[in-house]
Amino acid sequence: MIERHIEEALLHALEAYGVFEEDVQLELERPKDPSHGDLSSNVALILAKRLGRKPRELAGEIAATVELDKDLVESVEIAGPGFINFRYAHTALTRPLLEIVEKGEHYGESNAGEGERVILEYISANPTGPLNIVSARAAAVGSTLHRVMHKAGYRPTSEFYVNNAGRQVRLFGESLRARYLQAKGQEAEVPEDGYQGEYVREIAAELLERGVALFDELKELDTGRIIGELAVPKGTPDDWLELDEEESTRAFGSCGIIILLLSHRRTCRRFAVHFDSWYLESEIHQSNRIERALKLLRDGGHVYEKEGAVWLRTTDFGDEKDRVLVRSDGTPTYFLPDIAYHLSKKERGAELAIDFLGPDHHGYIARMQAAMECLGYPPGWLEIIILQQVNLIQDGKPLEMSKRAGRLVTMDQLIDEVGRDVARFFFLARKNSSHLDFDLDLARQQSNDNPGWYVKYAHARICSVLRNAKAHGVQEKTASLDELELLTEESEIALCRLLPELPGIVARAAAARDLARLTRFAIEVATAFHQFYQQCRILTDDAALTRARLTLSQATRVVLANTLELLGMEAPERM
RNA sequence: GCGCCCGUAGCUCAGCAGGAUAGAGCAUCGGACUUCUAAUCCGACGGUCGCAGGUUCGAAUCCUGCCGGGCGCGCCA
């Protein structure tokens with residue numbers, strides 16, 4: 001609001017030069033260096049050339065004529081090549097503390113997203129194996145973007161797309177069937193290109209031991225939805241062996257998928273990840289969406305036939321070559337159901353679709369986005385974010401992630417090893433597009449070297465002070481505006497400046513899909529608090545000062561707790 | 001060959017809708033607990049922002065070309 005006030009005053013002052021709102025984009029920014037004031041404008045630098053003036057001179061004139069509320073803005077100065085710097089009045093710095101405490105867990109919300117409906121798709125790992133490290137990164141980033149968008153006024157839903165159709169599933173069924181036979185002591189071979197992983201053997205062993213009772217245990221994890229829609233094979237595993245080969249393979253395949261999918265859900269839950277829906281690829285095949293997608297593409301004039309196959313002219317929209325939709329043997333490629341799946345997202349009301357994909361999929365972006373344009377969707381409707389690879393570092397060296405060696409490769413093992421909060425923080429602390437070196441030794445340390453702990457410690461420390469205040473009979477009363485005037489130490493002011501940035505940080509993190517801004521902000525706030533704590537005693541003999549500092553602490557706690565909540569981390573009251 | 005990502009302090013990374021002396025953490029060295037959690041804080045050391053051009057009043061930031069590292073380029077999914 002104070003920024004809005006300055007912006008309007010500045011625009012008003014510019015009218016004298018024949019410059020109006022539509023002529024210039026005001027960029028008011030917070031200077032890094034506090035000696036440059038609280039808000040800075042480069043408008044004189046931008047306009048100098050157009051007006052044929054010297055920047056510094058022009059800045060001086062504007063600064064002299066701009067009309068500001070003295071209660072909000074203490075001073076206006078020109079500096080450097082021609083910046084106009086505004087310094088807030090003290091009360092304008094401390095007043096936001098009251099709003100923060102008042103709003104509590106709602107602080108940070110905004111309407112920046114204007115209710116836009118977004119479907120976020122992430123992880124979407126094949127249900128034929130355990131979740132791995134890249135899945136963990138996707139889980140952290142996707143779920144946090146979901147929370148952040150929600151807070152910033154979008155209407156996001158999160159979705160896990162389950163590839164439960166196609167060749168992979170059949171292969172998996174064959175592999176599991178073979179392992180089951182082996183477990184019974186019979187001769188069987190896992191297919192050459194099948195699933196060799198140890199986990200298949202484990203599932204087979206469990207199946208042998210407990211039979212279909214295994215499902216009953218797992219059903220507790222299910223809201224009824226997944227198992228309800230995935231046909232549970234009838235009878236026992238031994239019955240399935242009696243079926244003809246195709247039926248038998250299918251039974252073992254669906255059984256394995258149900259088991260893995262539910263374990264994925266359990267793993268996600270451990271990681272504070274919740275999906276609003278699990279969308280089955282089989283649903284796409286059972287509905288008429290594939291035919292409809294194909295018809296829509298045809299109607300748009302982007303489909304042709306060549307060498308017996310059906311092609312989509314994705315080159316119409318910037319792809320490097322056209323892509324096959326239906327093979328010459330009449331079966332659809334992976335591409336077509338995927339288009340149909342995105343058609344369903346649109347039909348379910350998505351105004352924007354964001355997919356998180358692994359590093360091996362960036363060749364996929366151009367064709368998928370082109371396909372969406374072939375369907376007539378606006379450019380940008382589908383946004384694909386590539387999460388780069390994760391290297392686990394141990395003893396200063398990259399850990400070989402060999403499946404055979406059984407090294408730490410699954411998401412569950414990672415959570416066991418370093419805990420949910422630290423893992424999430426590490427994943428969220430990097431830009432999505434950056435390769436990420438995950439330092440296991442650092443992550444395991446419960447010390448100041450570990451930024452996740454650092455932030456949580458700040459929160460616990462505040463809670464400790466608040467407890468002490470209560471124990472000493474200090475009333476839980478928010479300070480008055482006059483009392484807040486007592487906050488004058490450098491570290492106090494620094495905190496006051498920082499805390500009100502939360503709503504803007506959240507809104508920008510959502511808009512840029514950049515969650516690393518939040519982790520950085522969390523560290524900044526924690527640092528500012530630790531400095532304040534070091535410099536100022538909170539509980540003093542001066543009741544008014546104590547109230548002011550407790551209010552500042554309380555506001556800091558709110559901002560830290562809300563930020564940690566967005567990151568999917570615990571905000572502990574004691575450590 | 002084409003495309004995507006990355007190249008900033010010894011290490012891990014910020015900063016990049018152009019803006020005022022390039023910032024953190026770790027590591028190294030030196031300080032601060034009779035006082036609300038020292039899982040903390042303060043200080044010192046440390047950089048031709050991969051290289052070369054260009055645009056600009058101003059470039060780590062934008063454009064072009066190189067160099068180096070990672071990944072991707074199927075009628076696989």
- Query: Say you pick atom C1' in B:G25 and the same atom in B:G72; how far apart are they, in whole Å?
  - Reply: 33 Å
- Note on the structure: Checking B:A20, B:U35, B:C41 against the side chain of A:Arg537 (C-beta onward), the nearest is B:U35
- Query: Does A:Ser328 make a side-chain donor-acceptor contact with the base of B:C75, cut-off 3.5 Å?
  - Reply: yes
- Using atom C1' of each nucleotide, how far apart are B:G19 and B:C62 to the nearest Å? 14 Å
- Side-chain N or O of A:Lys321 closer than 4.0 Å to phosphate OP1/OP2 of B:G74: yes
- Query: Paired with B:C26: which nucleotide, if any, by Watson-Crick or G-U wobble criteria at under 3.5 Å for both distances?
  - Reply: B:G10
- Which nucleotide sits closest to the side chain of A:Lys431: B:A14, B:C76, B:G72? B:A14
- Below 4.0 Å: OP1/OP2 of B:C76 and any side-chain N or O of A:Gln168: no
- Message: Counting the atoms with a prime plus P, OP1 and OP2 as sugar-phosphate, which does A:Arg508 contact under 4.0 Å by heavy atoms, base, sugar-phosphate, or nothing?
- Response: nothing
- Could you give the CG-to-C1' distance, from A:Leu436 to B:G7, as a whole number of Å? 16 Å
- Query: Separation of A:Arg30 atom CZ from B:G15 atom C1', in whole Å?
  - Reply: 17 Å
- Query: Using a cut-off of 4.0 Å on non-hydrogen atoms, how would the nucleic acid contact of A:Ile386 be classed: base, sugar-phosphate, or nothing?
  - Reply: nothing
- Message: Students often mix this up, so state it plainly: with edges at 30° and 60°, are the rings of A:Tyr161 and A:Tyr341 parallel, tilted or perpendicular?
- Response: parallel
- Between B:A77, B:C41, B:C75, which one does the side chain of A:Gln531 approach most closely? B:C41
- Query: Start at the 5' end of RNA chain B and walk down; is the nucleotide closest to A:Arg367 or to A:Asp437 reached first?
  - Reply: A:Asp437
- Message: I'd like the P distance from B:C75 over to B:C71, given in whole Å.
- Response: 23 Å
- A:His361-B:G72 aromatic stacking (under 5.5 Å, under 30°): no
- Query: Which of these nucleotides, B:C75, B:A77, B:C41, is closest to any side-chain atom of A:Tyr364?
  - Reply: B:A77
- Any side-chain N or O of A:Tyr454 less than 4.0 Å from the OP1 or OP2 oxygen of B:C41? yes
- For B:A60 versus B:A17, give the span between their C1' atoms, rounded off to a whole number of Å. 16 Å
- Message: So is the aromatic ring of A:Phe83 stacked onto the base of B:G19, judging by whether the centres are under 5.5 Å apart and the planes are under 30° apart?
- Response: no
- Message: Taking any heavy-atom pair under 4.0 Å as a contact, classify A:Cys536: base, sugar-phosphate, or nothing.
- Response: base
- Message: At less than 4.0 Å, is any side-chain N or O atom of A:Arg520 found next to OP1 or OP2 of B:C13? Yes or no.
- Response: no
- Reckon A:Asn85 touches a base, only the sugar-phosphate, or nothing at all at heavy-atom distances under 4.0 Å? base
- Message: Measuring only the C1' atom in each nucleotide, how far is B:C63 from B:G31? A whole number of Å is fine.
- Response: 49 Å
- Task: Using both distances under 3.5 Å as the test, list the Watson-Crick or G-U wobble partner of B:C41, or none.
- Result: B:G31
- Query: Is a donor-acceptor pair below 3.5 Å formed from side chain A:Glu307 to base B:C75, judging by atom type as modelled?
  - Reply: yes
- Note on the structure: Across every strand shown, the nucleotide meeting Watson-Crick or G-U wobble geometry with B:G18 (both distances under 3.5 Å) is none
- Message: Over 60° means perpendicular and under 30° means parallel, so tell me whether A:Tyr364 and A:His361 are parallel, tilted or perpendicular.
- Response: perpendicular
- Task: Quote, to the nearest angstrom, the P distance that separates B:C51 from B:A44.
- Result: 28 Å
- Phosphate-side-chain proximity, A:Ser434 and B:A14, N/O vs OP1/OP2 below 4.0 Å: yes
- Item | Polar side-chain contact A:His530-B:C41 base: donor and acceptor under 3.5 Å | no
- Query: Is B:C4 syn or is it anti, if syn means the base angle is within 90 degrees of 0?
  - Reply: anti
- Query: Can A:Asp316 and A:His302 be counted as having a side-chain donor-acceptor contact under 3.5 angstrom?
  - Reply: yes
- Task: Please confirm whether A:Phe252 and A:Phe172 have ring centers closer than 6.0 angstrom.
- Result: no
- Task: Would you indicate what A:His472 reaches in the nucleic acid, counting non-hydrogen atoms under 4.0 angstrom: base, sugar-phosphate, or nothing?
- Result: nothing
- Query: Would you say a side-chain N or O of A:Arg461 is under 4.0 Å from OP1 or OP2 of B:U40?
  - Reply: no
- Message: Which nucleotide wins on minimum distance to the side chain of A:Glu320, given the candidates B:A77, B:G19, B:C2?
- Response: B:C2
- Taking the same atom, C1', in B:G23 and in B:G46, what whole-Å distance lies between them? 13 Å
- Task: Give a yes-or-no answer on whether the side chains of A:Thr527 and A:Tyr454 include a donor-acceptor pair shorter than 3.5 Å.
- Result: yes
- Using Watson-Crick geometry (N1-N3 plus N6-O4 or O6-N4) or G-U wobble (N1-O2, O6-N3), each under 3.5 Å, B:A52 is paired with B:U64
- Report yes if the distance between the aromatic ring centroids of A:His459 and A:Phe529 is under 6.0 Å, otherwise no. no
- Query: Nearest to the side chain of A:His36 - B:A20, B:A77, B:U40?
  - Reply: B:A20
- Message: Students often get this wrong, so: under 4.0 angstrom with heavy atoms, is A:Ala460 touching a base, only sugar-phosphate, or nothing?
- Response: base
- Using a cut-off of less than 4.0 Å, is there contact between a side-chain N or O of A:Asn42 and OP1 or OP2 of B:G58? no
- How far, in whole Å, is B:G70 from B:G15 if one measures between their P atoms? 24 Å
- When we call it a touch if two heavy atoms are under 4.0 Å apart, what does A:Glu573 touch: a base, just sugar-phosphate, or nothing? base
- Message: Applying a 4.0 Å non-hydrogen cut-off, can you work out what A:Arg430 is touching in the nucleic acid: base, sugar-phosphate, or nothing?
- Response: sugar-phosphate
- Check every strand shown and say whether A:Tyr533 touches a base, only sugar-phosphate, or nothing at a heavy-atom separation below 4.0 Å. base
- Task: Could you tell me whether the side chain of A:Ser40 has a donor or acceptor atom within less than 3.5 Å of a complementary atom in the base of B:A20?
- Result: yes
- Of A:Leu515, A:Val148, A:Thr519, A:Asp421, the one forming a side chain to side chain contact (heavy atoms under 4.5 Å, CB included) with A:Leu567 is A:Thr519
- Message: Looking at B:C2, which nucleotide sits across from it as a Watson-Crick or G-U wobble partner, both distances under 3.5 angstrom, or is there none?
- Response: B:G72
- Query: Do the non-hydrogen side-chain atoms of A:Ser553 and A:Arg557 ever get within less than 4.5 Å of each other?
  - Reply: no
- Query: Are a donor atom and an acceptor atom from the side chains of A:Thr478 and A:Thr551 found within less than 3.5 Å of each other?
  - Reply: no
